[in-house]
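Following: one structure in structure tokens, then a few remarks.
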Amino acid sequence: MKENPGKIFPQPGSRMETERTRNPGDGPDLQENRRIADQLRLYSGLLESQGGDGFRVRAYRNAAAAIGELRQPLRTLYLEGGTAALTGLPAIGRGIAAAIAEILTTGQWQQLDRLQGETGPEKLFQTVPGIGPALAGRFTEQFDAQTLEDLEIALRDPRMKVSGLGPRRRSAILAALSGRLEAIRRIRTPRRNGHIPPVQLLLVADAIYRKRAAAGKLRKIAPRRLNPEGEAWLPVLHLTRGGWHLTLLFSNSARAHALGRTADWVLLFCHYEDEPEMQFTVVTQRQGSLEGRRVVRGRESECARYWACQPAGS
């Protein structure tokens, strides 16, 4: 909480950029409020255009309207009162509070980047002291880190070697990551302990996504990275099942491209009602007793039990 949150840099000529000159009597903190409101409003519009459910669309739109009228700086509220101060505002639930905290803390919002086709984590990694463009690129290429949490896990593994990353630099980056993630982890913790989506839900959603993608029935977005021709090739699906809201896309990571897994690795983002978002990856198992089966990374034993109960040939 003591760390200086990252700044936001709107694209020149965008609606967010014009907010800088609106209401010149407002200080920079209130202008930042309006930029965040614009991000929430943009997310709502993208979600609606991609077939997201109306509940989520309205939730982000209502939050944007409430923040646009707020006369208190969100940054001040967050620094002084944490996420409780954010959820105390009208129309701000825990999930949207987590989004605001991410923007204020890192200067990035991965949910919005994702729906815009900007799925690369390099810019996010460069918000961490000690990580420049070259090192950020190596992280994504060598061990497929996509989030700050992925990066922390990889760097804590002594077996993970990265060119240009010595012990002292690694320790400094880990210390900075720990401070950056502390507040984000706190708000992402489900109110109900252990409330995570069952693997059955994730595997069924994965099957629906891949079937519809193969049939050409999903809207496609054009990733901004690893896509020099700007082709709209990446299918996106939004689902709602039993209170869970899910978004699915194929992985567009450098490692997925290198290994030819862009039509196999599925990134699944989900949250329960207004809780913060979680991320999972579903892949085809290449060896062992589950060879050929779809599994959720990190939850292989649960997947084994699930597949053991399925009819033969399914």
Side-chain angles (χ1 to χ4, degrees), residues 8-23 30-70 74 86-87 89-104 106-121 123-124 205 209 212-213 217-225 227 230-241 244-250 252 267-277 279:
I8 300 170
F9 300 95
Q11 293 295 317
S14 68
R15 179 176 177 182
M16 287 170 58
E17 175 70 13
T18 63
E19 288 287 356
R20 286 179 168 179
T21 58
R22 187 188 301 177
N23 298 325
L30 289 183
Q31 291 175 24
E32 181 178 56
N33 282 11
R34 294 189 176 86
R35 289 195 293 270
I36 292 174
D38 274 345
Q39 288 178 291
L40 295 174
R41 193 174 294 110
L42 176 58
Y43 182 83
S44 173
L46 288 169
L47 192 62
E48 184 174 37
S49 70
Q50 294 172 5
D53 67 275
F55 170 81
R56 294 176 74 193
V57 171
R58 289 189 298 273
Y60 283 95
R61 191 167 292 158
N62 291 341
I67 291 171
E69 297 298 322
L70 187 66
L74 284 169
L86 298 179
T87 56
L89 297 172
I92 308 297
R94 280 173 47 84
I96 294 177
I100 296 170
E102 181 182 346
I103 294 169
L104 292 173
T106 70
Q108 303 286 321
W109 183 22
Q110 292 183 79
Q111 284 180 241
L112 177 59
D113 289 346
R114 187 188 314 138
L115 295 197
Q116 289 181 305
E118 181 57 83
T119 55
K123 289 183 180 179
L124 175 63
Y209 172 71
R212 293 186 187 177
K217 295 182 178 180
L218 297 178
R219 174 170 179 144
K220 298 178 180 178
I221 59 178
R224 295 181 187 175
R225 67 191 294 263
N227 187 25
E231 178 188 359
W233 69 266
L234 183 60
V236 57
L237 172 65
H238 301 283
L239 288 174
T240 301
R241 294 288 187 278
W244 287 97
H245 304 276
L246 309 101
T247 298
L248 297 92
L249 310 95
F250 286 123
N252 186 44
L267 304 180
L268 198 155
F269 307 87
C270 62
H271 65 91
Y272 187 76
E273 296 181 347
D274 69 341
E275 293 286 334
E277 188 178 73
Q279 177 179 340

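Excluded from the calculations below are hydrogen atoms, water molecules and symmetry mates; all remaining heavy atoms, backbone and side chain alike, are included. In this chain, numbering begins with 1 at the start of the sequence shown. Nothing here was measured: the structure is a model prediction, and the numbers come from that model.
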Check against side chain to side chain contact (heavy atoms under 4.5 Å, CB included), L42 and L115: CA-CA 10 Å; L42 176 58; L115 295 197; over 6 Å; no
- line: Interatomic distance, CH2@W109 vs CG@L40, rounded to 0.5 Å, equals 4.5 Å
message: Do H271 and R94 make a side-chain contact, defined as non-hydrogen atoms from C-beta onward lying under 4.5 Å apart?
response: no
message: Donor-acceptor check, side chain of R225 to backbone of N252, threshold 3.5 angstrom: yes or no?
response: yes
field: salt bridge (Lys or Arg N to Asp or Glu O under 4.0 Å) against R61, all qualifying residues, sequence neighbours excluded
entry: E48
task: Give a yes or no on whether the backbone of F250 and the side-chain of Y209 come within a donor-acceptor separation of less than 3.5 Å.
output: yes
message: So F55 and H245, do their side chains get closer than 4.5 Å, heavy atoms only?
response: yes
message: Just so I know, are the side chains of L74 and I103 near enough to count as touching, which here means a heavy-atom distance under 4.5 Å?
response: no
message: Would Q110 and E277 count as a side chain to side chain contact (heavy atoms under 4.5 Å, CB included) here? Give the steps.
response: CA-CA 11 Å; Q110 292 183 79; E277 188 178 73; over 6 Å; no
message: I'd like to know if R41 and D38 make a salt bridge, using a cut-off of under 4.0 Å between side-chain N and carboxylate O.
response: yes
- prompt: For R219, does its backbone N or O pair with a side-chain atom of Q50 as donor and acceptor, under 3.5 Å?
  reply: no
task: Using the side-chain hydrogen bond (donor to acceptor under 3.5 Å, both in side chains) rule, take R114 and Y43 through it: C-alpha gap first, then chi angles, then the decisive distance, then the call.
output: CA-CA 10 Å; R114 187 188 314 138; Y43 182 83; 5.2 Å; no
